[in-house]
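One structure is given below, encoded as structure tokens.
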Amino acid sequence: MKNHFFDVDATLREISPHGSEDFPVAVYLQQINRNKDGYLILHWHEEIQFVIQHHGKSYYTAGEKDYELKPGDVLFINSKCLHMAKQLTTNSDYICIDIHPQFLYGYSGSRIHLNYVMPYLSSSHMGSLFIDGSQPWHEELKKLLDRFVTVYEASEFAHEMEIQKLAIEIWLLIISNNRDKGEDGINLTPAEEKRIEQITNYIQNHYSEKITLKDIASEAGISDSECCRFVKRALNTTPMAYLNTYRIIKSTNFLQSTNMSVTEISQAVGFGTSSYFTERFKEMMNCRPLEYRRRFAAYRASANRGQGVSGDDDKEKKANRPAKA
């Protein structure tokens, strides 16, 4: 099982391929100490992910929750949930299983998609789940995940169908034991989707300016209070929190690709002062802006030296294999 280097874009989305378009599943080993400082920076991806701690201990932050994983523990990380990891012991590693949600429901708008996948993907209570054996169904899930890895690695006849069957069994087990957590899942009407698009587009187009809640609400043609309620329901955050998050995400692009100072970047992304920018950045990224720049440079240097991928010098073969982190 290969260890894969991972990288992110300016929105913190992981840009390593996770399987392929015709088979969006990946299983791989992640050795944290192969990344600079034994640390995986904050990132997200479309796939749901299962982290199976293999050796040592790891510390994970997923959404607003922190976890310490020991061998045998499993962490479920939902689609688009921001998360990061660092090793707590030397040579900590874990197995990752990544599954694109569409692999579960087939096509958008299907009954399975609308009733049994989307409500849980969008639930504020399903960002992550700790599978530590404390619930009766945990052991069953671990057995299914072990079987998933075995079938994937063996790659025998029709293994893709067996893997899809196991993926559906795994998902059904999770939602059957967390039915209440799908109750707050959001399915927006077309009009509401258009409104949230108006709001997010306005923020993304004007983030560098001094904008207020009133400005955002006016763009959508609603009151300040209604704007707060609507964004909270649709995105599980407030308009101003979304604005600050987007500003931080854009600041990472400046940190990655320019030599601008922290003060210059804070002004470029719309923060009033560098101190406030640094405070918000550390809160979201778990490090200061200049530390992020140093770590990102180290990741790039490691990738250029080819140290992020082990045991495979054939570029064409690597391009066609599932990868991710």
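One-based numbering along the sequence shown. All values below were derived from every heavy atom in this structure, side-chain atoms included, with hydrogens, water molecules and symmetry-related copies excluded.
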From H206 atom NE2 to D215 atom CG, the distance as rounded to the nearest 0.5 Å: 9.0 Å

Neighbour count above 12 (heavy atom, 6.0 Å) for D66 CG: yes

pair I95-F50: side-chain heavy atoms closer than 4.5 Å: no

Donor + acceptor pair across side chains of Y94, Q87 (<3.5 Å): no

Exam field: side chain R13 to backbone E46, donor-acceptor pair closer than 3.5 Å: no

S274 backbone acceptor or donor facing T278 side chain under 3.5 Å: yes

Flag if over 12 foreign heavy atoms under 6.0 Å of CD, E209: yes

Flag for T263-S261: side-chain donor and acceptor within less than 3.5 Å: no

Y59 with V51, same ILVMFWY side-chain cluster at under 4.5 Å: no

Inter-residue atom distance S223.OG - F230.CZ, 0.5 Å rounding: 12.5 Å

Lys/Arg N to Asp/Glu carboxylate O, K143 vs E139, below 4.0 Å: no

Polar side-chain atom of S58 near backbone of L69 as donor-acceptor pair, under 3.5 Å: no

I249 with M260, same ILVMFWY side-chain cluster at under 4.5 Å: yes

For the student: nearest non-hydrogen atoms of W44 and C81, plus distance: CB-O, 3.9 Å

Test side chain to side chain contact (heavy atoms under 4.5 Å, CB included) applied to E219 - qualifying residues, sequence neighbours left out: Y202

With D93, the side-chain hydrogen bond (donor to acceptor under 3.5 Å, both in side chains) member among Q53, H55, Q30: H55

Residue pair H45 / Q49: nearest heavy atoms and the distance that separates them: NE2-NE2, 3.4 Å

Note: R229-E226 ion pair, threshold 4.0 Å (strictly below): yes

Full working for side chain to side chain contact (heavy atoms under 4.5 Å, CB included) between I52 and F148: CA-CA 12 Å; I52 307 170; F148 193 104; over 6 Å; no

Reported CZ-to-CZ distance for the pair R294 and R288, which is rounded to 0.5 angstrom: 14.0 Å

Minimum side-chain heavy-atom gap Y242-I199 below 4.5 Å: no

Residue pair N78 / Y120, side-chain donor-acceptor N/O under 3.5 Å: no

Which atom of A26 lies closest to which atom of G19, heavy atoms considered: CB-N, 3.7 Å

Min side-chain heavy-atom separation H100-H18 under 4.5 Å: no

Between CD1 on residue I77 and SG on residue C96, distance to nearest 0.5 Å: 7.0 Å

Approximate separation, where rounding is to 0.5 Å, of T200 OG1 and Y246 OH: 9.5 Å

Heavy-atom closest pair, residues A268 and S208: O-CB, 3.2 Å

K181 side chain near L129 side chain, heavy-atom distance below 4.5 Å: yes

Pairwise side-chain contact, I216 with C227, heavy-atom cut-off 4.5 Å (strictly under): yes

Which atom of F103 lies closest to which atom of E160, heavy atoms considered: CZ-O, 4.3 Å

Whether S79 side chain and L121 backbone form a donor-acceptor pair below 3.5 Å: no

Distance in Å, I168 CD1 paired with Y116 OH, rounded so as to fall on 0.5 Å steps: 13.5 Å

Salt-bridge criterion met for E283 and R280 (N-O under 4.0 Å): yes

Side-chain heavy-atom pair H138, F130 within 4.5 angstrom cut-off: no

Plane angle bin for F271 and F277 - parallel if under 30°, tilted between 30 and 60°, otherwise perpendicular: tilted

hydrophobic_cluster_shared for I222 and I196, side chain cutoff 4.5 Å: no

Candidate pair Y292 and L42, rule side chain to side chain contact (heavy atoms under 4.5 Å, CB included), full reasoning: CA-CA 10 Å; Y292 175 88; L42 194 71; over 6 Å; no

Enclosure of K142 NZ (heavy-atom neighbours >12, cutoff 6.0 Å): yes

Side chains of I48 and W171 in contact at under 4.5 Å (non-hydrogen atoms): yes

I97 and Y152: CA distance, side-chain angles, deciding distance, side chain to side chain contact (heavy atoms under 4.5 Å, CB included) verdict: CA-CA 10 Å; I97 297 175; Y152 184 93; over 6 Å; no

Minimum heavy-atom distance between F254 and T258, given as atom pair plus value: O-OG1, 2.7 Å

Any side-chain heavy-atom pair of C228 and T238 under 4.5 Å: no

Full working for side-chain hydrogen bond (donor to acceptor under 3.5 Å, both in side chains) between Y67 and D132: CA-CA 11 Å; Y67 304 96; D132 59 355; over 6 Å; no

Worked check of side chain to side chain contact (heavy atoms under 4.5 Å, CB included) between F76 and L141: CA-CA 11 Å; F76 164 76; L141 178 61; over 6 Å; no

